[in-house]
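Every chain is numbered from 1 and lettered A, B, ... according to where its sequence line falls, protein lines coming before strand lines. It should be emphasised that the depicted structure is a prediction, and the values quoted were computed from it without experimental measurement.
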Protein chains: 2
Amino acid sequence: MLDKNSLIPLYVQLENLLLEMIESGELKVGDIIPSENELSKNYSISRMTAKKAIDNLTIKGFLERVKGKGTFVIGKEKKIELPLNRLRGFTQKVKEMGLIPKNIVPILERRKADKKLAKLLGIDENEDVWYMERIRQIDDTPAVFEQSYIAISLLPNLTRKDLMSSKFEYVRSQGLEISDSDREISAEIPDDYVASSLHLKRNEPILLAECITYLKGGQVLEYSTIFYNQKKYRFKLYAD
Amino acid sequence: MLDKNSLIPLYVQLENLLLEMIESGELKVGDIIPSENELSKNYSISRMTAKKAIDNLTIKGFLERVKGKGTFVIGKEKKIELPLNRLRGFTQKVKEMGLIPKNIVPILERRKADKKLAKLLGIDENEDVWYMERIRQIDDTPAVFEQSYIAISLLPNLTRKDLMSSKFEYVRSQGLEISDSDREISAEIPDDYVASSLHLKRNEPILLAECITYLKGGQVLEYSTIFYNQKKYRFKLYAD
DNA sequence: GAGTGGTCTAGACCACGTT
DNA sequence: ACGTGGTCTAGACCACTCT
């Protein structure tokens, strides 16, 4: 039961109580949990307080809410492993697993580089750049969402079609060779646009990489922000 | 102004409005934003609705709430860069920057390996293992929180003092050589214990690495979960 | 139509920090 | 004493799903 005189907020007490039920196996993966109305009645708290507890466990990845149906315990088994520190081989690795990769390119457009972007790409301010967005899907489930800038002078003939197959191969076909990439990794709550691109709900944490990718010789090819859908995939890394 | 008949919830409208103020420079880093009471009066919404908008922008890293004082716009400049895919050199890198590293070891205790842990470490179930927690601080600000398991048979004489200096060096002094580490990286909302260990508030997203560290020769040395405080530090990676 | 979660209101009391 | 954010209540209306 909950202690109304405790220093610990009621919604935190309820969170912990539900967590215990999950860890003890009383609530199993796939189970529906008591509704907000049931919880508020059973524990003599208001519905808003019960809702706050459930909301918190939802953003922590233990529960999933489905409108009109209820709230369910979800598992943390994400089947497919993808590398975080490899530039190539995404498509190939997916195919090896017998799955179908697909790239969607919602946007490919010309923009002018602002000061910050020009500095990152090693070009002049107001120089033309490509801005592109790409969603990498596996069996129609979005895995990765990329937003990327590349100097137009480097790839003057880029088309959406080139991005729908292998960007790596296209760059090579233009006589350039991708070398490596510096990345900053962080955990973020994405904005609504990114969240919907990856079919995620509001307030779900997500992996973000900000990348500078270099050509052989050290020239900057592209600046990109990459969002990873960890709801369905595991992202692996090798350290030494 | 807000549109009460819109399909977009009022708190989302207010979120976007506050974000525009931040991006336009109307609200600058360090500024206090209008209080919940002011917002609810100015936009003719209830205080709970204003609060929800502010709460969401807080977990997204744009605002910081201070009890008794108000809500402030925070910057995203995190000064110190730390590597995500390097096993050694943390202490040295910090010292190079003229900062003082310190390791706190709240827990070092014997436990029995359960089935899952035994399999990960390549030992028998119920064999003795060390369980240790370590907080790596830089100038008294927690940067990394580690929870780790090591078979006692590998390091029978381990003490808290050994962990307060360099774990890497201690392992070497025992005639073992650390080789590399497989890591799974994810974005999580930490539980209250981890959050308070890193001096973070509830519901702030955090980087998590689950690691298997190997000795030269391929034997498993340790299984660890490492939490990174991205509030104060940037975590970098190199991809090729 | 009944139940669910999503949003919203208009109050209330509290702990905290500033004045 | 006052204003702040933190919690909590007891209602309300809505859109959605299932039957």
Enquirer: Checking all strands, does K52(A) fall into the base, sugar-phosphate, or nothing category for heavy-atom contacts under 4.0 angstrom?
Expert: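 Since only primed, P, OP1 and OP2 atoms lie under 4.0 Å of K52(A), the category is sugar-phosphate.
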Enquirer: Using a cut-off of 4.0 Å on non-hydrogen atoms, how would the nucleic acid contact of L10(B) be classed: base, sugar-phosphate, or nothing?
Expert: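 Result for L10(B) = sugar-phosphate.
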Enquirer: OP1 or OP2 of dT9(C) sitting under 4.0 Å from any side-chain N/O of T49(B)?
Expert: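 True: T49(B) side-chain N/O within range (under 4.0 Å) of dT9(C) OP1/OP2.
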Enquirer: Among dA10(D), dT7(D), dG6(D), which is the nearest nucleotide to the side chain of D55(B)?
Expert: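 Comparing dA10(D), dT7(D), dG6(D) against the side chain of D55(B), the answer is dG6(D).
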Enquirer: OP1, OP2 of dT4(D) versus side-chain N and O of T71(B): anything below 4.0 Å?
Expert: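 False: T71(B) side-chain N/O out of range (4.0 Å or more) of dT4(D) OP1/OP2.
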Enquirer: With nearest nucleotide decided by heavy atoms, which residue, S35(A) or I8(B), maps closer to the 5′ end of DNA chain C?
Expert: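 Of the two residues, S35(A) wins.
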Enquirer: Checking contacts here: which listed nucleotide (dG6(C), dT4(D), dT9(C)) is nearest the side-chain heavy atoms of E36(A)?
Expert: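 Of the options given, the side chain of E36(A) lies nearest dG6(C).
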Enquirer: Give a yes/no on whether any side-chain N or O of K69(A) is located under 4.0 angstrom from OP1 or OP2 of dG3(C).
Expert: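 K69(A) to dG3(C) OP1/OP2: no side-chain N or O under 4.0 Å.
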Enquirer: Please determine if a side-chain N or O atom of Y11(B) lies less than 4.0 Å away from the OP1 or OP2 oxygen of dT7(C).
Expert: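 So the side chain of Y11(B) is within the cut-off, an N or O lying under 4.0 Å from OP1 or OP2 of dT7(C).
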Enquirer: Does E38(A) reach a base, just sugar-phosphate, or nothing at all? Heavy atoms under 4.0 Å.
Expert: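 Sugar-phosphate, backbone atoms only, no base.
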Enquirer: Give K4(B) one of three labels, base, sugar-phosphate or nothing, depending on what nucleic acid heavy atoms sit under 4.0 Å from its own.
Expert: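 Sugar-phosphate contact only - K4(B) comes under 4.0 Å of backbone atoms but never of a base.
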Enquirer: Measure from the side-chain heavy atoms of R47(A) and tell me the nearest of dC8(C), dT7(D), dA12(D).
Expert: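 It is dA12(D).
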Enquirer: Looking only at the side chain of R65(A) (C-beta and beyond, no hydrogens), which of the listed nucleotides dG6(C), dT9(D), dG5(D) gets closest?
Expert: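 Taking heavy atoms from C-beta onward, the closest nucleotide is dG6(C).
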